[in-house]
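Excluded from the calculations below are hydrogen atoms, water molecules and symmetry mates; all remaining heavy atoms, backbone and side chain alike, are included.
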Amino acid sequence: MISLTIFYFLEVLKNLIVPENVVLLFQPPYCPELNPIERLWEHLKTDLKWASFQTLDQLQAKVDQLLAELTPEVIMSITGYSFILDALSALNTI
């Protein structure tokens with residue numbers, strides 16, 4: 001039996017305008033090990049896990065600092081799954 005969610009998703013997708021420089025990659029509904037943002041948060045949490053903050057503002061300031069320090073190269077090294085990069089490279093050859 002196909003979920004109604006799939007039909008809704010397909011309807012939304014029909015009306016979605018995607019720029020040429022954007023490639024949509026679909027993944028299973030709940031699969032954190034395939035979600036690049038999970039790896040990025042894991043990276044950020046290594047600097048936060050033993051830190052103690054007196055206020056939420058201090059925590060926010062530290063997170064802002066860590067995010068500001070991320071370069072495109074670092075983000076790519078953390079979130080760039082080789083199988084995704086290989087698939088994107090293959091798309092570019094078509």
Side-chain angles (χ1 to χ4, degrees):
M1 181 172 178
I2 298 177
S3 167
L4 291 177
T5 306
I6 294 172
F7 290 111
Y8 173 76
F9 176 73
L10 292 174
E11 192 61 35
V12 169
L13 204 58
K14 284 184 204 174
N15 299 319
L16 186 64
I17 299 171
V18 180
E20 288 184 23
N21 64 339
V22 173
V23 176
L24 298 179
L25 296 174
F26 300 99
Q27 61 188 40
Y30 181 75
C31 198
E33 59 274 3
L34 293 179
N35 191 342
I37 193 65
E38 296 294 339
R39 290 176 74 176
L40 184 63
W41 280 119
E42 183 180 337
H43 173 79
L44 293 174
K45 287 190 285 185
T46 59
D47 290 326
L48 296 171
K49 72 171 75 168
W50 295 108
S52 176
F53 302 98
Q54 297 298 317
T55 66
L56 287 176
D57 288 336
Q58 291 174 341
L59 171 61
Q60 180 68 53
K62 181 63 175 177
V63 171
D64 289 345
Q65 174 200 342
L66 293 171
L67 289 172
E69 292 171 358
L70 292 174
T71 64
E73 293 78 21
V74 170
I75 294 171
M76 188 65 160
S77 72
I78 296 168
T79 62
Y81 293 97
S82 60
F83 68 91
I84 292 175
L85 299 174
D86 292 345
L88 291 172
S89 294
L91 281 175
N92 287 334
T93 62
I94 297 176

Verify the cluster assignment for L67 and V74: are they in a single hydrophobic cluster under the rule of side-chain heavy atoms below 4.5 Å apart?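 Same cluster.
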Side chain R39, main chain I78, donor-acceptor under 3.5 Å: yes
E69 side chain vs L66 backbone, donor-acceptor pair below 3.5 Å: no
Could you list the residues that satisfy side-chain hydrogen bond (donor to acceptor under 3.5 Å, both in side chains) with Q60, not counting sequence neighbours? D64
Output all residues satisfying side-chain hydrogen bond (donor to acceptor under 3.5 Å, both in side chains) with K14, sequence neighbours left out; order by chain, then residue number. E11
So does L56 have more than 12 non-hydrogen atoms from other groups sitting under 6.0 Å from CG?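 Open: at most 12 neighbouring heavy atoms sit under 6.0 Å from CG of L56.
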State whether the number of non-hydrogen atoms from other residues, nucleotides or ligands found under 6.0 Å of E38 atom CD is greater than 12.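 It does: E38 CD has more than 12 such atoms within range.
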To the nearest 0.5 Å, what is the distance between [atom1] ([X]) and [atom2] ([Y])?
X: L48; Y: H43; atom1: CG; atom2: NE2; result: 10.0 Å
X: L40; Y: K45; atom1: CG; atom2: NZ; result: 10.5 Å
X: Q54; Y: L59; atom1: CD; atom2: CG; result: 12.0 Å

Of all heavy-atom pairs between F53 and Q58, which one has the smallest distance, and what is that distance?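 Heavy atoms only, the tightest pair is C-OE1, 3.5 Å.
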